[in-house]
K.L.:
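Below is one structure. I have some questions about it.
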Amino acid sequence: MTSSSRSDQWRRHNVGRLLNNAVARFESRILAFMAEAGHRECKPCHIQVTRNLDVDGTRLTDLAARAGITKQSMGALVAELETIGLVQRRDDPTDGRARIVSFTPQGLAWLTAFRAAVEAAEDEVCKELGAVRYEAFKAGLAMYAGAPPRGI
């Protein structure tokens, strides 16, 4: 190993990179479980919408802010999910200029399957790490993210 490759190790093994790799693996498992359940309509980028969309609907600008992407990028993702039939846009009754994105009835059924896929992916993580390490991992992530840990 050259000295430049040793000095570059921090780029591949810092917490941010490890978290990113873990999220990518976790989401790919969720989508694999969804495909097994007959739901092949979504791509990894669509999770940016569905994870940030409140069940009763969310403004597009709020979705974009939650996902950390531009309003235009979120609009494109929402348009793809509209074409698939999982979400719809409607006028915001409190602001005529704004639009609310919400799940369609088909989208709510999809969300039920998605929940089962998330639970299956979490079960895999728990089995791989062991229950004690998994609970500590989850509690540590919640603490770091500023959310109170659940069940502890």
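Positions are given from 1 along the sequence. Note that the coordinates shown come from a computational prediction; the quantities given were computed from them, not determined experimentally. Because only heavy atoms are used, hydrogens play no part in the values below, and waters and symmetry mates are left out as well, while side chains stay in.
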K.L.:
Is there side-chain contact between R59 and D95, with at least one heavy-atom pair below 4.5 Å?
P.N.:
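Heavy-atom side-chain distance check passes, below 4.5 Å.
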K.L.:
Would you check if the side chain of N52 reaches a backbone N or O of Q48 as a donor-acceptor pair within less than 3.5 Å?
P.N.:
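Answer holds: yes.
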K.L.:
What residues, two or more places apart in sequence or in another chain, satisfy salt bridge (Lys or Arg N to Asp or Glu O under 4.0 Å) together with D123?
P.N.:
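So D123 forms no salt bridge (Lys or Arg N to Asp or Glu O under 4.0 Å) with any residue.
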K.L.:
Rounded to the nearest 0.5 Å, what separation is found between the CZ atom of F103 and the CG atom of L86?
P.N.:
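CG of L86 is found 8.0 Å from CZ of F103.
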K.L.:
Does V101 reach the side chain of Q88, with side-chain heavy atoms less than 4.5 Å apart?
P.N.:
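No, too far: nothing below the 4.5 Å cut-off.
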K.L.:
R40 side chain to A35 main-chain N or O, any donor-acceptor pair under 3.5 Å?
P.N.:
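Side chain of R40 to backbone of A35, a donor-acceptor pair under 3.5 Å: yes, one is there.
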K.L.:
Mind checking the NZ-CG spacing from K138 to L129? Nearest 0.5 Å is all I need.
P.N.:
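So the gap between those two atoms works out to 12.0 Å.
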K.L.:
Does a side-chain heavy-atom distance below 4.5 Å link S28 with L31?
P.N.:
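Side-chain contact under 4.5 Å: no.
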K.L.:
Over all heavy atoms of both residues, which pair between G57 and S102 is shortest? Give the atoms and the distance, please.
P.N.:
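Residues G57 and S102, closest heavy atoms: CA-CB, 4.0 Å.
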K.L.:
Can V118 be reached from V55 by stepping across I, L, V, M, F, W or Y side chains whose heavy atoms are under 4.5 Å apart?
P.N.:
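In one cluster: yes.
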K.L.:
Output the distance between atom CH2 (W110) and atom NE2 (H46), rounded to the nearest 0.5 Å.
P.N.:
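It comes to 9.5 Å.
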K.L.:
Are M143 and L141 grouped together when hydrophobic residues (ILVMFWY) are joined by side-chain heavy atoms under 4.5 angstrom apart?
P.N.:
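M143 and L141: separate clusters.
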K.L.:
Can a donor-acceptor pair be found, under 3.5 Å and without considering hydrogens, that links the side chain of R90 to the backbone of I100?
P.N.:
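Absent.
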K.L.:
Going by the rule side chain to side chain donor-acceptor pair (under 3.5 Å), which residues pair with E122 if we only count those two or more places apart in sequence or in a different chain?
P.N.:
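Side chain to side chain donor-acceptor pair (under 3.5 Å) check on E122 returns nothing, list empty.
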K.L.:
How would you list, by chain and number, every residue that makes a side chain to side chain donor-acceptor pair (under 3.5 Å) with T94, sequence neighbours excluded?
P.N.:
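T94: side chain to side chain donor-acceptor pair (under 3.5 Å) contacts with D92.
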K.L.:
Name all pairs fulfilling the salt bridge (Lys or Arg N to Asp or Glu O under 4.0 Å) condition that reach into residues 67-80, sequence neighbours left out, sorted by first residue then second.
P.N.:
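Every salt bridge (Lys or Arg N to Asp or Glu O under 4.0 Å) pair that includes a residue of residues 67-80, provided the two are not neighbours, is K43-E80.
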K.L.:
Specify the closest pair of heavy atoms between R89 and A79, including all atoms of both residues, with the distance to one decimal.
P.N.:
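Smallest heavy-atom distance, with atoms named: NH2-N, 3.5 Å.
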K.L.:
Out of curiosity, L77 CG to I69 CD1, how far, rounded to the nearest 0.5 Å?
P.N.:
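These two atoms lie 5.0 Å from each other.
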K.L.:
Could you walk me through whether T58 and D54 pass the side chain to side chain donor-acceptor pair (under 3.5 Å) check?
P.N.:
CA-CA 6 Å; T58 308; D54 298 327; 3.3 Å; yes
K.L.:
Which value, rounded to the nearest 0.5 Å, describes the distance between I47 atom CD1 and E27 atom CD?
P.N.:
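Here the rounded value is 4.0 Å.
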K.L.:
Any chain of hydrophobic side-chain contacts (each under 4.5 Å) joining V23 to L53?
P.N.:
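They do not share one cluster, since no chain of ILVMFWY contacts under 4.5 Å joins V23 to L53.
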K.L.:
At their closest point, which heavy atom of V87 faces which heavy atom of V78, and how far apart are they?
P.N.:
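Minimum heavy-atom separation between V87 and V78: CG2-O, 3.7 Å.
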K.L.:
Spell out, yes or no, whether L19 and Y134 are grouped together once hydrophobic residues are joined by side-chain heavy atoms under 4.5 Å, including indirect joins.
P.N.:
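Hydrophobic grouping puts L19 with Y134.
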K.L.:
What's the shortest heavy-atom distance between L18 and H13, and which atoms?
P.N.:
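The answer is CD1-O, 3.8 Å.
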K.L.:
Within the structure provided, determine whether M34 and I30 are in side-chain contact (heavy-atom separation under 4.5 Å).
P.N.:
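In contact.
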K.L.:
Is any side-chain heavy atom of V15 less than 4.5 Å from a side-chain heavy atom of Y144?
P.N.:
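No, their side chains stay 4.5 Å or more apart.
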K.L.:
Taking all atoms of both residues into account, what is the closest heavy-atom pair of Q106 and I84, and its distance?
P.N.:
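What the structure gives for the nearest pair is NE2-O, 3.5 Å.
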K.L.:
Quick one: list whatever passes ring-ring contact (aromatic ring centres under 6.0 Å, His included) with F33, sequence neighbours left out.
P.N.:
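With sequence neighbours excluded, F33 shows a ring-ring contact (aromatic ring centres under 6.0 Å, His included) to no residue whatsoever.
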K.L.:
With sequence neighbours excluded, what pairs up with E119 under the salt bridge (Lys or Arg N to Asp or Glu O under 4.0 Å) test?
P.N.:
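E119 satisfies salt bridge (Lys or Arg N to Asp or Glu O under 4.0 Å) with R115 only.
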K.L.:
Rounded to the nearest 0.5 Å, what's the gap from CZ on R97 to CG on D91? Could you check?
P.N.:
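Going from the CZ atom of R97 to the CG atom of D91 covers 12.5 Å.
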K.L.:
Looking at R66 and D62, is there a salt bridge between them, counting it only when a charged N and a carboxylate O are closer than 4.0 Å?
P.N.:
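Here D62 does not pair with R66 in a salt bridge, since their nearest N and O are not under 4.0 Å apart.
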